[in-house]
There are 2 protein chains.
Amino acid sequence: MREAAEPKSDAFRVQKEIFYEYLDKQGLKRTQQREVILETFLHADHHINVDQLIERVRQIDPTIGQSTVYRTVNIFLECGIAQELRLTDETRRLEPIIGNRHHDHLICTECGSTIEFFNCSLEVAQIIAASKHGFKPARHSLKIYGTCRNCQLRADTQR
Amino acid sequence: MREAAEPKSDAFRVQKEIFYEYLDKQGLKRTQQREVILETFLHADHHINVDQLIERVRQIDPTIGQSTVYRTVNIFLECGIAQELRLTDETRRLEPIIGNRHHDHLICTECGSTIEFFNCSLEVAQIIAASKHGFKPARHSLKIYGTCRNCQLRADTQR
DNA sequence: ATGGTTGCAAACCTTTTGCATCGGG
DNA sequence: CCCGATGCAAAAGGTTTGCAACCAT
């Protein structure tokens, strides 16, 4: 019934705790559906969209309605265990936030692959740049579009 | 009939040339509607959305259909005189690209205001960060969310 | 004359919502 | 038992598309 839930379960303990505490705090209920959706989301692709999530959820329990998935995803966003991501002009994708490991994205416009990275001096430079405008930064989203290593190599060999 | 078209017309010469050259190159036609939509877009708010653009276009020529505006906006995006912008989770907005003056955005989560800025060392830091992953950057989108100066002051005085 | 363009309405896609029923605490 | 949660279908945005008439070249 549940697939691949136990093996990695410890890795997502933090997210689950945050989610269930948020439910409690808001007077919301811990239902079977929400558990299935949470498990599925945490074990899914890193950049999944809601449609794909619905599909996978229904592989586990076909009776779960799409509105339930949407409603649950909105709770994920509210309590901060997921964040929205728009890689290109595509539909929104969801990304689990693992701990506090913030990262930015390199997006290859050739093959569509993405690389997640974190660069400390870049973070610092952003804080400095923002404060020059009297702005107090809280979070940010940086997407760098270009060509990944593989696609550069492929272009070179084909030339 | 046409309002505020002549005064600033020189400021947008580059965009217009790019657009009309793109039309030619693609075998597309220079119609009245496209001219009105282009004028309106270039003179509109910097972060206009399509609905607002349709409204303004229809103040000039109420017979222009919404699909024509959408289709024309898509041409703007294709030929590069406009770019998409999603400030928060809101609907997409359009931003005219004036020359090559790239900029990033500071977005205040209190009042929703945005500041456009450009910071050279930030640009350099991004190129360095990308190249560490063998990635060849072409363009990027940086949005920093936080609190603007005014909202910080307001919060201080209210406390 | 020809092939792209337009306006209209309908279709589309993603997300939200109203409602009667269900179920967790 | 109560109130929130669910599934369904419908509604609600925002954007695209099919089509017959239109118009720029």
Side-chain angles (χ1 to χ4, degrees), chain A residues 19-41 47-79 82-95, chain B residues 19-41 47-79 82-95:
Chain A
F19 181 64
Y20 291 129
E21 273 172 24
Y22 184 81
L23 291 186
D24 275 2
K25 201 174 57 188
Q26 302 289 317
L28 306 175
K29 286 169 183 170
R30 186 185 301 209
T31 64
Q32 276 235 328
Q33 289 92 333
R34 285 181 178 160
E35 279 177 20
V36 170
I37 296 166
L38 176 62
E39 275 309 334
T40 310
F41 171 62
H47 295 157
I48 199 171
N49 66 38
V50 185
D51 256 13
Q52 297 165 335
L53 181 58
I54 291 171
E55 200 181 317
R56 298 209 184 182
V57 164
R58 285 185 166 162
Q59 285 170 13
I60 299 169
D61 180 349
T63 69
I64 293 181
Q66 62 160 17
S67 27
T68 301
V69 178
Y70 272 103
R71 285 187 273 235
T72 306
V73 161
N74 285 340
I75 299 174
F76 293 166
L77 295 171
E78 283 165 32
C79 73
Q83 72 180 351
E84 275 198 9
L85 193 64
R86 285 182 193 272
L87 294 179
T88 65
D89 316 341
E90 298 165 36
T91 50
R92 85 172 165 166
R93 290 166 180 280
L94 302 166
E95 183 176 50
Chain B
F19 180 64
Y20 291 129
E21 273 171 25
Y22 183 81
L23 291 184
D24 275 3
K25 200 174 58 188
Q26 301 289 318
L28 306 174
K29 285 170 183 170
R30 185 184 304 209
T31 65
Q32 276 232 330
Q33 289 92 331
R34 284 177 180 163
E35 281 177 19
V36 170
I37 297 166
L38 177 61
E39 277 306 336
T40 309
F41 171 62
H47 295 158
I48 198 172
N49 66 38
V50 184
D51 258 13
Q52 297 166 333
L53 182 59
I54 290 172
E55 200 182 317
R56 298 210 185 181
V57 163
R58 284 185 167 162
Q59 285 169 12
I60 299 170
D61 181 348
T63 70
I64 293 181
Q66 62 160 16
S67 28
T68 303
V69 178
Y70 272 103
R71 285 188 273 237
T72 306
V73 160
N74 285 341
I75 299 174
F76 293 167
L77 295 171
E78 282 165 31
C79 73
Q83 71 181 352
E84 274 198 8
L85 193 62
R86 285 182 195 268
L87 295 181
T88 64
D89 316 341
E90 298 164 34
T91 50
R92 82 172 167 169
R93 290 165 180 280
L94 301 165
E95 183 176 51

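Labels below follow one simple rule: chain letters A, B, ... track the order of the sequence lines, proteins then strands, and each chain is numbered from 1. Values below: all heavy atoms of this structure, side chains included; hydrogens, waters and symmetry mates excluded.
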- What are the two closest non-hydrogen atoms of A/Glu84 and A/Leu77, and how far apart are they?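 It is N-CD2, 3.9 Å.
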Looking only at heavy atoms, the pair that brings A/Leu23 and A/Lys29 closest together is CD1-O, 3.8 Å
Tell me the interatomic distance from [X], atom [atom1], to [N], atom [atom2], rounded to whole angstroms.
X: A/Arg34; N: D/dG4; atom1: CZ; atom2: P; value: 11 Å
X: A/Ile75; N: D/dA5; atom1: CD1; atom2: P; value: 7 Å
X: A/Gln33; N: D/dG4; atom1: CD; atom2: C1'; value: 12 Å
X: A/Arg58; N: D/dT6; atom1: CZ; atom2: C1'; value: 12 Å

Sorted by position of nearest nucleotide on DNA chain D, 5' first, the leading residue of B/Arg30 and B/Asn74 is B/Asn74
So the contacted stretch of DNA chain C, first to last nucleotide with an atom under 4.0 Å from a non-hydrogen atom of chain A, runs from C/dT14 to C/dG25
Look at the rings of A/Phe41 and A/Phe76 and say which category their plane angle falls in: under 30° parallel, 30 to 60° tilted, over 60° perpendicular.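 Parallel: the ring planes of A/Phe41 and A/Phe76 meet at under 30°.
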Quick note, A/Ser67 side chain, CB onward, closest among D/dG7, D/dT15, D/dT6 is D/dG7
Picking from D/dA5, D/dT15, D/dC8, the nucleotide nearest the side-chain atoms of B/Val50 would be D/dT15
query = Under 3.5 Å, is there a donor-acceptor pair between the side chain of A/Arg58 and the main chain of A/Ile64?
reply =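 Yes.
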Say whether, by atom type as modelled, one donor and one acceptor occur between the side chain of B/Gln52 and the main chain of B/Asn49 under 3.5 angstrom. yes
(message) If you compare every side-chain N and O of B/Tyr70 against the phosphate oxygens of D/dT16 (OP1, OP2), does one of them come in below 4.0 Å?
(response) no
Next item on the list: For D/dT6, take OP1 and OP2 only and decide whether either is under 4.0 Å from a side-chain N or O of A/Thr31.
Entry: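 So the side chain of A/Thr31 is within the cut-off, an N or O lying under 4.0 Å from OP1 or OP2 of D/dT6.
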With nearest nucleotides of DNA chain C determined for A/Asp51 and A/Arg71 from heavy-atom distances, which residue corresponds to the more 5′ nucleotide?
->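 The 5'-side residue here is A/Asp51.
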Base D/dC23 to side chain B/Lys29, donor-acceptor N/O within 3.5 Å cut-off:
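Under the 3.5 Å cut-off, the side chain and the base do not form any donor-acceptor pair.
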(message) Taking any heavy-atom pair under 4.0 Å as a contact, classify A/Gln32: base, sugar-phosphate, or nothing.
(response)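 Answer is nothing: A/Gln32 stays at 4.0 Å or more from every strand.
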